[in-house]
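Atoms within each ligand, like the ligands themselves, are counted from 1 in listed order. Worth knowing before you read on, the calculation uses all heavy atoms, side chains too, and leaves out hydrogens, waters and symmetry mates.
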Amino acid sequence: MSGKHLVIVGGGVIGLSAAWRLAAAGHAVKLVDPTPGRGASWVAGGMLAPVSEAWPGEETALHLGEESLRRWPAFAEALTAEGGSPDLSTAGTLLVAFDRGDADQVDVVAEYLAKVGREAERLTSRQVRAAESGLGAVRGGLLVPGDLGVDNRKLLRALRLAASRRGVEFIEDNVTAVEPGRVRTASGELDCDVVVLAAGARSGGLHPKLAGAVRPLKGEILRLRARRSSLPPPRRTVRAVVEGRPIYLVPRVDGELVLGATQYEAGFDETVGARGVRELLEGAERVFPSVGEYELAETAAGLRAASVDTVPFIGELEPGIFAATGHHRNGLLMAPVTADAIVALLAGEEPPPGVAAAHPERLEH
Ligand code: GLY
């Protein structure tokens, strides 16, 4: 394959993954972002769990998520071989229910997982507490062993390292406009054969076809640390719905616990609100009461790239411009399938299964 000159707009998990894989495939790649490796990807929980973040009924997103989940072990292995590990966790997810309504939702997820052939085990209240000590008064749960997880910040560092090693040139600048074969930045212009638009929540402002189709969806997270006197964090990701709000608790190998996430329509506001912190702490204490004794190490907010139909946009927007954006709540999960798709599409090859349904042309119908 003859290498093309490419400019990737955006240095979150999608832009970095695409840059790394495209450079490895022989293309000359420049990546433009004022702060590569930050943005929503820096704030993410790191769950690679299709069925926890999309709901039966959102089949297109679920299929794409499952396809990407299958690609994650090889993706993590290839990344680790480049010098940095994302700490892939195979501990799985535990969904817990506190009342009858939650238990009904868990049943829907269990039925869906059985339908698509994914392993899942229903647990009684006693079995839940045996699986994870320290949980609150749960009614029952569902253990999903096939879900994976990563440390999002280690992942971003590893991707930057891998991309640099493969020759990706990082340009720390703001993109002001995208045209076929040209990217305008605050300080100049970059000419190329193809632009890959991976600017997350800001993508809607950079191409007319994405205007109104990709928007910011704010999320806040907390990072906590167990004190010597408190219970250690759960061993696996624990998810629940508390007072109608979904919450997740994701342990890191270094003993940190990530609590997420709120979800608001707040435009481009990236400040952390007191209400968000309160809701997350109250929800987490219901799930895992010892959280109240933990050190609150960090609060952070990020802007998910919400898609109008929850499905990302992966494919040609017009000759010379490809979209890789709109991953909604699933940027980390869908990074491998998106990067593989862009590499295949630029080579004129068939993209991975499920990607055709994410083509931006669906906006025209
Ligand atoms: N995928 C986690 C979140 O969007 O909160």
Side-chain angles (χ1 to χ4, degrees), residues 12-14 17 38-55 58 61-62 64-69 72 86-89 91-95 109 144 146-156 200-203 214-224 234 236-242 244-252 256-266 268-270 272-273 275-277 279-281 283-284 287 298-312 325-338:
V13 68
I14 299 295
S17 300
R38 304 293 289 207
S41 309
W42 183 252
V43 180
M47 294 168 298
L48 309 175
V51 182
S52 303
E53 286 291 32
W55 193 243
E58 297 172 355
L62 282 164
L64 204 52
E66 293 284 350
E67 182 60 36
S68 204
L69 185 69
W72 249 104
D87 275 0
L88 187 74
S89 159
T93 306
L94 179 62
L95 276 79
V109 172
V144 188
D147 281 353
L148 302 174
V150 282
D151 181 322
N152 60 317
R153 296 184 178 179
K154 287 190 182 166
L155 168 66
L156 292 164
R202 300 193 187 271
S203 305
V214 178
R215 67 181 198 285
L217 187 59
K218 181 174 170 178
E220 292 151 318
I221 57 121
L222 310 179
R223 295 171 84 97
L224 296 102
R236 43 178 84 72
T237 294
V238 180
R239 296 196 61 117
V241 178
V242 179
R245 289 189 293 271
I247 183 156
Y248 49 80
L249 292 78
V250 190
R252 297 279 188 254
E256 218 174 41
L257 184 64
V258 181
L259 303 188
T262 59
Q263 182 166 305
Y264 303 105
E265 301 282 348
F268 286 93
D269 172 26
E270 287 182 83
V272 177
R275 185 176 54 152
V277 174
E279 284 177 4
L280 288 170
L281 283 175
V287 177
E298 184 185 332
T299 63
L303 302 175
R304 303 175 182 93
S307 155
V308 71
D309 57 4
T310 78
V311 177
T325 189
H327 289 76
H328 217 78
R329 294 179 63 106
N330 294 302
L332 268 69
L333 170 65
M334 293 190 188
V337 79
T338 305

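By the 4.5 Å heavy-atom criterion applied to side chains, L88 and W72 are counted as neighbours. The shortest side-chain heavy-atom distance between T237 and D147 does not fall under the 4.5 Å cut-off.
Nearest approach of V287 to A240, heavy atoms of both residues: CG2-CB, 3.8 Å. Closest approach of T93 to A49, counting heavy atoms only: OG1-CB, 4.2 Å. Residues W42 and R223 come closest through the heavy atom pair O-NH1, 4.5 Å.
Under 4.0 angstrom from ligand 1, there are no non-hydrogen atoms of Q263.
Taking a cut-off of under 4.0 Å to the non-hydrogen atoms of A261, the atoms of ligand 1 that pass are 5 (O).
Closest protein heavy atom to atom 2 (C) of ligand 1: E53 OE2, 2.7 Å. Protein heavy atom in closest approach to atom 5 (O) of ligand 1: Y248 OH, 2.6 Å. Closest to atom 4 (O) of ligand 1 among all protein heavy atoms lies R304 NE, 2.7 Å.
Among the atoms of R329, some N or O lies under 3.5 angstrom from an N or O of ligand 1.
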